[in-house]
Amino acid sequence: MTTFVLVPGLWMGGWAWDAVVAELTARGHRAIPVTLPGLGERAGEDAAAIGLAEHTDAVTEVLDAQEPGAVLVAHSYGIFPSLAAVDRQPGRVERLVFVDTGFPEPGESVVTQMPHLLEAADGHVLRVPSEIDAVHGVPEAELERYQRLATPHPVRTITDPIALTGAWLKLPTTGVFCLANGLSLEVARALHATGDPRFAKLAEPGVTFFELATGHYPMLSAPTELADVLVRAAAGEGQSLQGQ
């Protein structure tokens with residue numbers, strides 16, 4: 001049995017992982033979906049008081065409540081508080097899984113990479129997007145559920161810089177690329193081939209990758225396939241950049 005801690009991306013609470021949780025539980029694993037401060041059922045909290053540090057603390061608290069050896073799964077924005085949390089205490093996590101996202105450098109924020117997000121800023125929050133593009137393959141019922149349950153996202157969480165010591169770099173990691181969103185093993189190989197030190201980890205031992213033929217929201221569009229990949233990632237499976 002593996003314990004999976006599941007951290008969602010922007011605008012989503014732990015509800016986003018419901019179908020994945022059901023799949024993992026049916027296979028005999030523990031699955032703990034995280035709702036970050038100010039989101040989902042916590043949307044009534046003061047967004048002005050919530051930054052990346054508060055989200056990082058929330059992930060840390062969930063990890064601290066588990067036995068060491070959990071697999072931490074982070075989707076999209078969720079990699080920022082997740083990475084900051086495991087950098088504090090990497091010994092609590094067996095593997096870190098990146099779901100359709102990359103890893104930031106120390107001092108970067110979400111808007112360093114995606115400044116356009118601030119166009120959705122409304123006071124202390126980011127407005128929920130009006131739709132999810134069809135390319136992401138989210139079924140109609142899940143689109144309706146997303147629009148009903150998604151909540152404005154505290155804006156400081158995307159403008160605050162991430163603090164990292166580099167301790168997380170020693171962790172085994174798995175990347176899950178969602179092909180319809182443009183990420184792939186081919187892209188990872190190209191980044192590593194540049195020789196930029198930031199991408200050296202991509203080819204290290206213990207680093208594996210999977211590709212899913214879906215869009216940026218695989219927990220909504222392909223939960224069974226994502227659960228299968230997570231179980232295999234926990235077992236150390238997946239491709240390396242050398243194709244092994």
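Computed from a prediction, not measured in an experiment: that's the story for all the values here.
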Value rounded to 0.5 Å, distance of CG in Leu226 from OG1 in Thr214: 9.5 Å
Residue pair Phe4, His29: steps toward the ring pair (Phe, Tyr, Trp, His ring centres under 6.0 Å) verdict: CA-CA 8 Å; Phe4 294 90; His29 302 285; 5.6 Å; yes
Same apolar cluster (I L V M F W Y, side chains within < 4.5 Å links), Leu83/Ile50: no
Short side-chain to backbone donor-acceptor contact, Arg92 and Gln66, under 3.5 Å: yes
Distance (rounded to the nearest 0.5 Å) between Thr3 OG1 and Leu63 CG: 10.5 Å
Atom pair CG (Asp18) and CD (Glu23), whose distance is rounded to the nearest 0.5 Å: 12.5 Å
Contact check, side chains of Trp11 and Tyr77, non-hydrogen atoms, under 4.5 Å: no
Heavy-atom donor-acceptor pair, Asp87 side chain to Ala167 backbone, under 3.5 Å: yes
Side-chain heavy-atom pair Lys170, Pro90 within 4.5 angstrom cut-off: no
Side-chain donor or acceptor of Thr157 paired with backbone N/O of Pro154 under 3.5 Å: yes
Verify same cluster id: Val155, Val128 (apolar side-chain graph, 4.5 Å): yes
Pro33 side chain reached by Trp15 side chain, heavy atoms, under 4.5 Å: no
Closest non-hydrogen atom pair between Ala74 and Thr101, with its separation: O-CG2, 4.1 Å
Closest non-hydrogen atom pair, Ala31 against Leu6: CB-CD1, 4.2 Å
Atom pair CG (Asp64) and CZ (Arg88), whose distance is rounded to the nearest 0.5 Å: 9.5 Å
Sidechain-backbone polar pair: Arg156 side chain, Leu52 backbone, donor-acceptor under 3.5 Å: no
Heavy-atom pair of closest approach, residues Leu202 and Ala188: CD1-O, 3.8 Å
Asp133 side-chain N/O to Val135 backbone N/O, donor-acceptor pair under 3.5 Å: no
Side chains of Ile158 and Leu118 in contact at under 4.5 Å (non-hydrogen atoms): yes
Ser76 side-chain N/O to Gly78 backbone N/O, donor-acceptor pair under 3.5 Å: no
Shared hydrophobic cluster, Leu179 / Leu183 (ILVMFWY, side-chain heavy atoms < 4.5 Å): no
Met114 with Leu126, same ILVMFWY side-chain cluster at under 4.5 Å: yes
Flag if over 12 foreign heavy atoms under 6.0 Å of CD, Glu94: no
Between Phe177 and Phe209, ring centroids under 6.0 Å: yes
Centroid separation His153 to His124 less than 6.0 Å: no
4.5 Å side-chain heavy-atom contact, Pro152 and Arg127: no
Plane angle bin for Phe103 and Phe98 - parallel if under 30°, tilted between 30 and 60°, otherwise perpendicular: perpendicular
Any side-chain donor near an acceptor of the partner, Thr2 and Arg30, under 3.5 Å: no
Ion pair Glu142/Arg145, N-O distance below 4.0 Å: yes
Minimum-distance pair of heavy atoms, taken over all atoms of Val5 and Ala70: CG2-CB, 4.3 Å
Student check: side-chain heavy atoms of Glu225 and Pro218 closer than 4.5 Å: no
In one Ile/Leu/Val/Met/Phe/Trp/Tyr side-chain cluster, 4.5 Å: Leu230, Val71: yes
Interatomic distance, Met12 atom CE to Leu39 atom CG [nearest 0.5 angstrom]: 10.0 Å
His75 and His216 aromatic ring geometry - parallel, tilted or perpendicular at 30°/60° bounds: tilted
Whether Gln147 side chain and Glu144 backbone form a donor-acceptor pair below 3.5 Å: no
Test item: Val99 and Val97 side chains (from C-beta on) under 4.5 Å apart, heavy atoms: yes
Check: Thr174/Thr208 side-chain N/O donor and acceptor closer than 3.5 Å: yes
Donor-acceptor contact present, side-chain Arg95 to main-chain Thr173, <3.5 Å: yes
Glu186, CD: over 12 other non-hydrogen atoms inside 6.0 angstrom: no
Pair Leu241-Leu185, side-chain contact (heavy atoms from CB on, under 4.5 Å): steps then yes or no: CA-CA 7 Å; Leu241 287 195; Leu185 272 166; 4.0 Å; yes
Phe199 ring center within less than 6.0 Å of His192 ring center: no
Asp160 backbone acceptor or donor facing Ser109 side chain under 3.5 Å: no
Backbone of Glu237 reached by a side-chain donor or acceptor of Arg232 within 3.5 Å: no
Minimum-distance pair of heavy atoms, taken over all atoms of Ala43 and Thr151: CB-CG2, 3.9 Å
Minimum heavy-atom distance between Glu204 and Leu169, given as atom pair plus value: OE1-O, 4.1 Å
